[in-house]
Amino acid sequence: MSEPGITPSFQRTLHGDASRQQDTPSLTTLVSDLVAEARALPVSGKVANYIPALAEVDPNRVALAMATIDGQVVGAGEADHRFSIQSLSKIFGLTMAMNRVGDSLWKRVNMEPSGQSFNSIVQLEWEHGIPRNPFINAGAILVADVLNSHYSSSKQALLRFVRQLALCESIYADDKVYRSEKQTGNRNAALAYLMKSFGNIESDVTAALDHYFYQCALALSCKEMAKALSFLANRGVHPFSGQQVCSRRDAHRINAILSTSGMYNQSGEFAFTVGLPAKSGVGGGIVAIVPGYGVIAAYSPRLNDFGNSVQAMHMITRMAEELGLSVF
Ligand code: GLU
């Protein structure tokens, strides 16, 4: 089999430069080079420790993978190592909820950037229990509530969905992380009870939280994450299975909210410098969607002051630069 290359039509469309394809190293080489580059960076950032089980991970792990819509999956570093996906899971929950309840979801959660920390309580009080967007904690707990009230076992349904998307039946939620967050998730509980007080949580608060903690505890590798989200780069159709995961319109909409709200309070800077819809998680993972091309997934546990992985940001930024990937 030949080395995975960079989709020529994509490069031509984007740059109007067919010759670029010949000068570009293969995707495999690029991904390996970027992992080496990230490993050589001066150590900076801190592993999240407010969820005790997350503090125990090896801070030196570095992984990068890309899945393209023409069916290639390339990875380097520890691209098969499963890590706690945390907030990356909010994309799975949101997709399921959009599929299940349609546009009525947007009466209960907005699609605006928050400009506040991901677990802020004050904004939710001012705005009468309507979360700013589905990617901050309050919004994702609201989505968890929707799933909990529409599935007899929402955790099982979510796990089935993610396994199907990642094409892997052994994906699981890490029990230690799940319990650890359940024991210490008082701020998330506060957000959920506040929304309940405004009448914006339908099911039992503890059940909605239970789904949320379980979702955050899912463990996937970079290769699995990239494959699982590849439908967002392909107008809602999973390029590996052919399954229509969500409508084309909803794929566009999820990418739009990722662009404005996926990278915590660094979302504006990320759009400015990288220019891709992306989501970050406190476990150290970042996924970036390249519409019409594929999905990049990067992982390394040390986080910057915004809560974004330092090395994962570096690798995605460099990849976007090298390949000219900005959607803007
Ligand atoms: N489970 C984490 C929390 O609720 C997710 C945060 C994140 O990754 O942004 O705090």
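All ligand and atom numbering here is 1-based and tracks the order in the structure. Both backbone and side-chain heavy atoms feed into the values below; hydrogens, waters and symmetry mates do not.
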Which is closest to atom 3 (C) of ligand 1 by heavy-atom distance: K279, E181, R187, Q215?
E181
So which bit of V282 gets within less than 4.0 Å of ligand 1, heavy atoms only: side chain, backbone, both or neither?
both
Between N110 and I130 (side chain of the first, backbone of the second, donor and acceptor by atom type, cut-off under 3.5 Å), is there such a pair?
no
Please report the shortest heavy-atom distance between N60 and D58, naming the atom on each side.
N-OD1, 2.9 Å
Tell me yes or no: between the side chains of N119 and N137, is some donor less than 3.5 Å from an acceptor?
no
Under 4.0 Å from one or more heavy atoms of N188, ligand 1 contributes atoms 3 (C), 4 (O), 10 (O)
Are D145 and S203 linked by a side-chain donor-acceptor pair shorter than 3.5 Å?
yes
S87 heavy atoms within 4.0 Å reach ligand 1 at atoms 5 (C), 6 (C), 7 (C), 8 (O), 9 (O)
Return yes when atom CZ of R249 has more than 12 non-hydrogen atoms of other residues, nucleotides or ligands closer than 6.0 Å, and no otherwise.
yes
Give the contacting part of Y50 toward ligand 1: side chain, backbone, both or neither, where contact means a heavy-atom distance below 4.0 Å.
side chain
Nearest non-hydrogen protein atom to atom 2 (C) of ligand 1, with distance, is Q86 OE1, 3.0 Å
Proximal ligand 1 atoms for C216, defined as those under 4.0 Å from one of its heavy atoms:
1 (N)
Suppose I only count heavy atoms of G281 and a 4.0 Å limit; which atoms of ligand 1 are within that range?
8 (O)
Nearest neighbour in protein (non-hydrogen) for atom 4 (O) of ligand 1:
Y212 OH, 2.6 Å
Take a 6.0 Å sphere around CZ of R235 and say whether it holds more than 12 heavy atoms from other residues, nucleotides or ligands.
no
Within the 3.5 Å criterion, strictly below it, is a donor on Q116 or S114 matched to an acceptor on the partner's side chain?
no
Within the structure, does Y264 bring an N/O atom to less than 3.5 angstrom of an N/O atom in ligand 1?
yes
